[in-house]
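Read through the structure below, which is laid out as structure tokens, and then see the notes.
To find a chain, count down the sequence lines: A is the first, B the second, and so on, and within it residues start at 1.
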Amino acid sequence: MTYNFKVIEEKWQKYWQDNQTFRAIQKSDKPKFYCLEMFPYPSGKLHMGHVRNYAIADVVARYKWMRQFNVLHPIGFDAFGQPAENAAIKNKSQPSTWTYACIDLMRQEMRKLGFSYDWQREVVTCDANYYKWNQWIFLRMFERGLAYKKPASVNWCSSCATTLANEEVISGKCWRCDNEVEQKELEQWFLKITEYKDRLLEDLKLLKGWPQRVIAMQENWIGKSQGVEIYFKIEGVDEIITVFTTRVDTIFGATYIVLAPEHPIISNIKNPCLAGRQEISNIKEVDKYIQKTKKESKEERTDLVKEKTGVQLKGVFAINPVNGDRIPIYLADYVLMEYGTGAIMAVPAHDQRDFLFAKKYKLSIKIVIRNTQYAIRNTEELTEAFEGDGIQVNSGQFDGLDNNKAKVEIAKWMEEKKIGKRTTHYRLRDWLISRQRYWGTPIPIIYCQKCGIVPVADSDLPVRLPEKVKFSAKEFVDVPCPKCKAKAHRDTDTMATFIDSSWYFLRFCSPCFDKGPFEKEEVKYWMPIDQYIGGIEHAILHLLYSRFFTKFLKDLGLVDTVEPFNRLLTQGMVLKDGAVMSKSKGNVIDPDSVISKYGADTLRLFILFSAPPEAELEYNERAIEGSWRFLNRVWNLATQLSDVSCQMSDKKQNIELQRIVHRTIKKVTQDFEEFKFNTAISAIMELVNEIYKKFTINSLQCTVCKEAVRVVVLLLSPIVPHICEEMWQMLGEKPPISTANWPVFEEAFIKTEILTIIIQIDGKLRSKIEAGVNIPDEEIKKMALNDEKIQKWIAGKRVKEVILVKHKLVNVVTQ
RNA sequence: GGGCGGAUGGCGGAAUUGGCAGACGCGUAUGGCUUAGGACCAUAUGGGGAGACCCUUGGAGGUUCAAAUCCUCUUCCGCCCACCA
């Protein structure tokens, strides 16, 4: 007999909804628990990745409910973005129509999976009541100079017809459409995330509940590197080239300088009026190289396989400030204007790139760090650069010093002589947020001929999106200047959608609040998020931006916490036949098809059982059947017990089962605390197997057995809530099980009097003995040696030593 | 090049202050039930060997009474970043 999941699942979904079982209570004496998953983009269809994400979060939330926490578990929709625009064009409708239709579909799918959301708190980012506060936060940043407009060379995706943030460019390609990203000169809005760079880096230390690799990725992205800026004079020209290096210990070995082809100093050197008596003799060749570089895409330019090329500025020389050496200046496309100072000093003896470049252009190589492992007498012997640590040579007064000590000493000395300065460089750039798209938050700025950039007044928020996609709609663009009332026009760009997701978790605390982005007291109560769950693909973008926003709002005095996400779990991908499920591979399994065949509970159980949450999950139809089978096994136990009254207590006979029950509660509780759902489920399966083993249908009628099944149902309920609600009721308990008390284990039941002791000989298992807990160690050793099998093994051998691990094993060591 | 993670049966995966390797599930085999198939139930299931036993956690060494677990070297795989100065 199999259970009717269709009827049961619908019944309890309706029950939870009608009774508002999962509504978060605002004030409570219980400790709070804010559980959140990364909210979805409303594509209209849930995929397996979503289901996995939300199933994990749902187990956490439901478990915390049962542990009697005051739980906040909300959901919403990240509703702005490009797919809605494309769909609108395709269907000749409006992005909003399409988006809201998709939201309805997704909401239904989520309900069908039985997730324990507080639906009253749903947040939709394309609602003016939400994006109004994007604009409000933007204006607060604008007032503080943290939102600013500047012309910049920006990443441009021609297929999406919009700009992209650095974080949205994945190896030279658009994160969304994989199109090659170009560089374009545009005037755009930026958020000064770099103002928070040190705090964003420093506070990573506070995130004890984050996976190491996400922390590493963020550190990497911020990219702090400490070093020295060195000033090189140009011979005969009143110009200075500043380079940045982390290896100031090699400065005496700098034998040439390389500039990025875009470096502004080049035009100054080229200008004969400024350049004085210096002239670049190969000016045509230099210009040609600059033009060639300009034409290259970033992808082509940063191709690692490509041999490095460059061109010398002939006739012009720089002076190495530490030793007065006259060194040539090159342009090369591998030096990037965006990083460091756009100029490097080249030390071919101690940098492999420089070494190859110097060999190619026959530039001089000078050893300044001696390899203590392998002595090299002259530079001709060098086959590659020596990048390791060693002793300073050819470095003036620093000769003989350990190079790491020299790094400090040389930097100090250069600062004294004013030829260098210790500085820190970062990889992190300000966040470009202007998007040339319709379906997003309008930037609340007006441009007036007289007053320039004028912010929209708070009282005029929200700046609503015009109803029709027609972007240049006059009624939207043409507005009077808020300051002087003269004719002016609005910014027609919208904000990057990552703004929406940078603070939505705060909005959930008071979703209907209309006097600010959120109610301070509510946020104070609920934040920080105790558990955040989502995909690793957001390790940099979303998580970094959210941390930035939280810190900014903390500075405004609106939130108390420094970091928004206390603990983070990044769930693994869902695979089919070893590959990530994707439309192009044609290996997508629609969760809906599984639900209609086996029900939501089976799908949830399968997902949580088949792999630990962080690991990849291979979808396997057969394994789904296994989950289905298990639920039916439990169902049959509950069915058989439902009709019997449990008068006859047979406790004594079932102490062993009692022990297993309590051991299982202990194990499952520990596993839930550590998100080891797969092993928690196997422990429950073992208990179910035990129940089946010990009792025939006739002797099922006993209290201990019913108690055991009751515990199974409780332990399983966060994972498979529908069937457990039904069984709970069948067992004569009052619904809902969802908020019932989590079972408690008693050590007294778990303890045993008789232990199994392993006996090894020379570390290999040879026998086992049963022994009482209180038998003294010496006695145990004797028992082990007298064991029949052991006697056989040690016959004719000398026993050298007997090692005893209390209550566990005896190891007999022979000669 | 840098960083992080991984490698355990036919498969997904258990086991970490070092102490029974392979829990649980899938698959497979045999039996029961069934007209039959499915479903269900029971038993078995790392490899070798007739057996006593031996071998086995990517590979090679080491530490230890004892190693999947710790150390050294090495191979392969995955992810992230990267001409980063």
Side-chain angles (χ1 to χ4, degrees), chain A residues 1-2 170-171 211-221 223-225 227-228 230 243-248 250 258 260 301-308 332-336 338-347 351-354 356-357 387 425-427 536-537 539-540 572-573 575 605-606 609-612 614-627 629-630 632-633 636 667 676 678-689 692-693 756-768 792 800-814:
Chain A
M1 252 261 301
T2 55
I170 314 293
S171 22
Q212 262 309 308
R213 69 171 177 146
V214 176
I215 291 183
M217 280 162 82
Q218 292 224 350
E219 268 171 6
N220 214 325
W221 189 261
K224 182 175 183 173
S225 84
V228 178
I230 303 171
V243 306
F244 175 72
T245 181
T246 53
R247 287 295 305 270
V248 73
T250 64
V258 189
R301 186 169 161 182
T302 56
D303 182 3
L304 276 169
V305 192
K306 192 184 76 174
E307 199 188 358
K308 314 226 174 320
D333 61 1
Y334 75 89
V335 175
L336 306 172
E338 314 82 274
Y339 191 80
T341 59
I344 62 164
M345 66 177 204
V347 186
D351 181 291
Q352 185 60 17
R353 259 175 328 173
D354 296 345
L356 293 174
F357 194 86
E387 295 180 333
H425 276 260
Y426 293 82
R427 222 187 70 104
I536 186 75
E537 65 273 20
I540 297 170
M573 303 247 192
L575 313 181
L605 180 67
F606 160 75
F609 177 57
S610 296
E614 301 89 344
E616 287 175 339
L617 170 77
E618 173 73 29
Y619 179 86
N620 182 335
E621 175 75 26
R622 295 283 207 165
I624 296 234
E625 279 176 32
S627 295
R629 214 150 35 212
F630 171 70
N632 279 298
R633 271 163 72 78
N636 285 333
K667 165 81 177 150
K676 289 155 81 175
N678 54 333
T679 49
I681 293 165
S682 29
I684 301 170
M685 285 174 167
E686 281 177 85
L687 175 55
V688 170
N689 290 345
Y692 264 88
K693 238 180 238 170
T756 304
I757 307 288
I758 306 300
I759 310 174
Q760 298 179 330
I761 290 178
D762 299 323
K764 286 190 175 163
L765 173 74
R766 295 303 181 198
S767 187
K768 291 177 190 183
K792 214 175 73 191
K800 197 174 131 198
E801 204 183 347
V802 179
I803 288 161
L804 181 133
V805 181
K806 203 160 180 66
H807 294 169
K808 265 187 184 165
L809 75 91
V810 175
N811 188 14
V812 179
V813 187
T814 65

Show the nearest heavy-atom pair for residues [X] and [Y], with the distance to one decimal.
X	Y	answer
A/S225	A/T246	OG-CG2, 4.1 Å
A/L809	A/I757	CA-CG2, 3.8 Å
A/A539	A/Q218	O-NE2, 2.9 Å

Q) What is the per-nucleotide protein-contact pattern of nucleotides 5-16 of chain B, from the 5' end, where B denotes a base atom under 4.0 Å from a protein heavy atom, S denotes such proximity for sugar-phosphate atoms only, and - denotes neither? A) -------SSSS-

Using atom [atom1] of [X] as one end and atom [atom2] of [N] as the other, report the distance to the nearest whole Å.
X	N	atom1	atom2	value
A/K800	B/rU64	NZ	C1'	11 Å
A/E219	B/rG3	CD	P	12 Å
A/I540	B/rA82	CD1	C1'	12 Å
A/R629	B/rG25	CZ	P	10 Å
A/I759	B/rG19	CD1	C1'	14 Å
A/F357	B/rC83	CZ	P	17 Å
A/N689	B/rC24	CG	P	7 Å
A/H425	B/rA85	NE2	P	11 Å

Q: Scan side-chain atoms only and decide if A/R427 and A/N220 contain a donor-acceptor pair under the 3.5 Å cut-off.
A: no

Measure the shortest side-chain to side-chain distance between [X] and [Y] over non-hydrogen atoms and say whether it is less than 4.5 angstrom.
X	Y	value
A/S682	A/T679	yes
A/L356	A/K308	no
A/E801	A/N811	no
A/F609	A/I684	no

So does [Y] get a backbone contact from the side chain of [X], meaning a donor-acceptor N/O pair under 3.5 Å?
X	Y	answer
A/E387	A/Q352	yes
A/D762	A/T814	yes
A/Y334	A/R353	no

Q: Give A/G626 one of three labels, base, sugar-phosphate or nothing, depending on what nucleic acid heavy atoms sit under 4.0 Å from its own.
A: sugar-phosphate

(Q) Using a 4.0 Å heavy-atom cut-off, does A/V802 contact any base of the nucleic acid, only the sugar-phosphate backbone, or nothing at all? (A) nothing

Nearest to the side chain of [X], heavy atoms from C-beta on, is which of [options]?
X	options	answer
A/Y334	B/rC65, B/rC83, B/rG19	B/rC83
A/M685	B/rC24, B/rG19, B/rC81	B/rC24
A/F244	B/rG25, B/rA85, B/rG19	B/rA85
A/R622	B/rC83, B/rC80, B/rU28	B/rU28

Please confirm whether any donor atom in the side chain of [X] sits under 3.5 Å from an acceptor in the base of [N], or the reverse.
X	N	value
A/K768	B/rC20	yes
A/N220	B/rC81	no
A/Q760	B/rG19	yes

What distance, rounded to whole Å, do you find between the two [atom1] atoms, one in [N] and one in [M]?
N	M	atom1	answer
B/rC4	B/rC73	P	15 Å
B/rC79	B/rA66	P	40 Å
B/rG58	B/rG78	C1'	15 Å
B/rA68	B/rA15	P	16 Å
B/rA21	B/rU16	P	14 Å
B/rG48	B/rU34	P	37 Å
B/rC20	B/rG3	C1'	38 Å
B/rU8	B/rA67	C1'	14 Å

Verify the contact: side-chain N or O of [X] to OP1 or OP2 of [N], cut-off strictly under 4.0 Å; return yes or no.
X	N	result
A/R633	B/rC41	yes
A/R427	B/rG2	no
A/R353	B/rC83	no

Q. What class does the angle between the rings of A/F244 and A/H425 fall in, given that below 30° is parallel, 30 to 60° is tilted and above 60° is perpendicular?
A. tilted

**Q.** Secondary-structure stems for RNA chain B, with pairs counted as Watson-Crick or G-U when both distances are under 3.5 Å and runs at least 3 long
**A.** B:1-7 with B:75-81, B:10-12 with B:24-26, B:27-32 with B:40-45, B:46-48 with B:53-55, B:58-62 with B:70-74

**Q.** Position toward the 5' end of RNA chain B (nearest nucleotide), A/N811 or A/G340
**A.** A/N811

